[in-house]
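Encoded as structure tokens, the structure appears first; notes follow it.
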Amino acid sequence: MDRERSARQLRLIGETVDLAKALGVEVRLRGGWAMDFFIGEVTRDHEDIDWFAWTGDAAALADALMRSGWQPVPGPPPGQQADFSKEGVESSFALLDRDRYGRAVVAGGPWAGELWPEGMLDGSVGRIGDLRCGIISPGAQIEIKRMTPVWVPGRPRRAKDAEDIARLEAALRGRAGTPPARGTR
């Protein structure tokens, strides 16, 4: 494992959490880092940092990130996701909106209005060491990792996703009956 890269990514996660907190906006980790924050330790190398943020907060968040040295990176449609890079680390913010029933949906792009898994944003806070961060629910994380190749035709199943699912399922079995961590950084 590249400990230097992991340490840099953790520092940048903390920076992003602090920026969001100062703005009064909600960000939540998704992907591999959400899994690690749920488990409570770094379990593998990570290519990038994946987040969810609300579309209504996207402009203020982007402005704060750029003032902090992050550079925009071209990627998916701007209404769907905003990508940034700093110190060789990419952070991707998938944008959320709500449908008329208050459910979390994809904010823009070709899947605009598509539902995210129920309960995905049910108040989970994960931690690695002293760093706390909002994360998507482990159940939603598992569903997203299982279903992405179905939802996005042509996206192959990846070995790291199967390994992440196994880690999350083992952690959930180990926590049966234990309430999730609460609090913020």
Side-chain angles (χ1 to χ4, degrees), residues 1-97 104 106-111 116 120-121 124-138 140-141 144-145 148 152 155 158 160-161 163-164 167-168 181 183-185:
M1 188 175 336
D2 185 341
R3 295 190 191 288
E4 182 179 314
R5 181 171 175 80
S6 293
R8 184 170 55 251
Q9 289 174 325
L10 283 167
R11 182 176 47 75
L12 292 170
I13 289 169
E15 176 184 298
T16 302
V17 169
D18 288 344
L19 284 171
K21 187 175 181 179
L23 292 170
V25 303
E26 178 184 12
V27 293
R28 289 182 180 267
L29 285 170
R30 60 187 174 94
W33 277 113
M35 173 194 66
D36 281 359
F37 270 73
F38 176 71
I39 292 170
E41 65 184 4
V42 180
T43 62
R44 63 172 174 82
D45 284 323
H46 299 278
E47 295 174 28
D48 56 10
I49 305 167
D50 296 315
W51 302 89
F52 277 115
W54 294 102
T55 192
D57 298 330
L61 183 60
D63 184 55
L65 287 165
M66 288 187 289
R67 282 193 321 264
S68 183
W70 291 87
Q71 297 298 312
V73 176
Q80 177 182 328
Q81 184 167 300
D83 296 348
F84 299 88
S85 180
K86 182 176 181 178
E87 300 176 23
V89 174
E90 189 169 309
S91 262
S92 299
F93 295 83
L95 301 177
L96 300 169
D97 205 352
V106 176
W111 296 283
W116 284 106
M120 180 176 82
L121 304 174
S124 294
V125 174
R127 181 175 80 188
I128 294 178
D130 292 333
L131 180 57
R132 293 177 179 266
C133 185
I135 59 174
I136 66 169
S137 71
Q141 181 75 1
I144 291 167
K145 285 187 172 284
T148 294
V152 183
R155 173 89 183 253
R158 302 177 302 183
K160 73 175 185 175
D161 291 329
E163 293 163 2
D164 288 355
R167 283 186 188 106
L168 282 165
T184 59
R185 182 169 184 226

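Just so you know, these numbers use all the heavy atoms, side chains as well, and skip hydrogens, waters and symmetry mates. Quick note: residue numbers are just sequence positions, from 1.
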Taking all atoms of both residues into account, what is the closest heavy-atom pair of Leu95 and Pro78, and its distance? CD1-O, 3.4 Å
Closest non-hydrogen atom pair between Asp36 and His46, with its separation: OD2-NE2, 2.6 Å
Counterpart residues, side-chain hydrogen bond (donor to acceptor under 3.5 Å, both in side chains), relative to Arg5 (two or more places apart): none
State, with a plain yes or no, whether a side-chain heavy atom of Arg127 is found less than 4.5 Å away from one of Val125. no
Smallest separation among heavy atoms of Gln141 and Ala34, with atom names: OE1-CB, 4.2 Å
Please name all residues satisfying side-chain hydrogen bond (donor to acceptor under 3.5 Å, both in side chains) with Asp161, sequence neighbours left out, ordered by chain then number. Lys145, Arg158
Find the distance between OG (Ser137) and CD1 (Ile144) and round it off to the nearest 0.5 Å. 8.0 Å
N/O donor-acceptor pair under 3.5 Å between Gln71 side chain and Met66 backbone: no
A side-chain contact here means heavy atoms from C-beta on lying under 4.5 Å apart; do Leu131 and Phe37 qualify? yes
Taking Arg28 for the side chain and Ser124 for the main chain, is one N or O donor matched with an acceptor at less than 3.5 Å? yes
For the atom pair CD (Glu87) and CD (Glu15), what is the distance rounded to the nearest 0.5 Å? 7.5 Å
In chain order, what residues pass the ring pair (Phe, Tyr, Trp, His ring centres under 6.0 Å) check against Trp70, with sequence neighbours excluded? none
Heavy-atom closest pair (Ser6 atom, Asp45 atom, distance to 0.1 Å) is OG-OD1, 4.3 Å
Close side-chain approach of Ile128 to Ile13, heavy-atom, < 4.5 Å: no
Give the table of side-chain donor-acceptor pairs shorter than 3.5 Å for residues 54-64, with sequence neighbours excluded, one pair per line with atom names and distance.
unit_1: Trp54; atom_1: NE1; unit_2: Glu26; atom_2: OE1; d: 3.0
unit_1: Asp63; atom_1: OD2; unit_2: Arg67; atom_2: NH1; d: 2.2

Residues that Ser85 engages under side chain to side chain contact (heavy atoms under 4.5 Å, CB included), provided they are two or more places apart: Val73
Could Asp18 and Lys21 be called an ion pair, given the rule that one side-chain N must be under 4.0 Å from one carboxylate O? no
So do the side chains of Cys133 and Trp51 get within less than 4.5 Å of each other, counting heavy atoms only? yes
Whether Asp48 side chain and Glu90 backbone form a donor-acceptor pair below 3.5 Å: no
Under 3.5 Å, is there a donor-acceptor pair between the side chain of Arg8 and the main chain of Val89? no
Run the side chain to side chain contact (heavy atoms under 4.5 Å, CB included) check on Phe93 and Asp83 step by step: do they pass? CA-CA 6 Å; Phe93 295 83; Asp83 296 348; over 6 Å; no
Could you walk me through whether Ile49 and Phe84 pass the side chain to side chain contact (heavy atoms under 4.5 Å, CB included) check? CA-CA 10 Å; Ile49 305 167; Phe84 299 88; over 6 Å; no
About how many Å separate CZ of Arg167 and CD1 of Ile39, when rounded to the nearest 0.5 Å? 7.0 Å
Indicate the atoms forming the closest heavy-atom contact of Arg155 with Thr148, along with that distance. NH1-CG2, 3.8 Å
Side-chain donor or acceptor of Asp50 paired with backbone N/O of Arg30 under 3.5 Å: no
Taking every non-hydrogen atom, the tightest pair across Val27 and Ala20: CG2-CB, 3.7 Å
Within the distance-only criterion (no hydrogens, no angle test), does the side chain of Lys86 pair as donor or acceptor with the backbone N or O of Ser68 below 3.5 angstrom? yes
Ring pair (Phe, Tyr, Trp, His ring centres under 6.0 Å) against Phe52, all qualifying residues, sequence neighbours excluded: Trp116
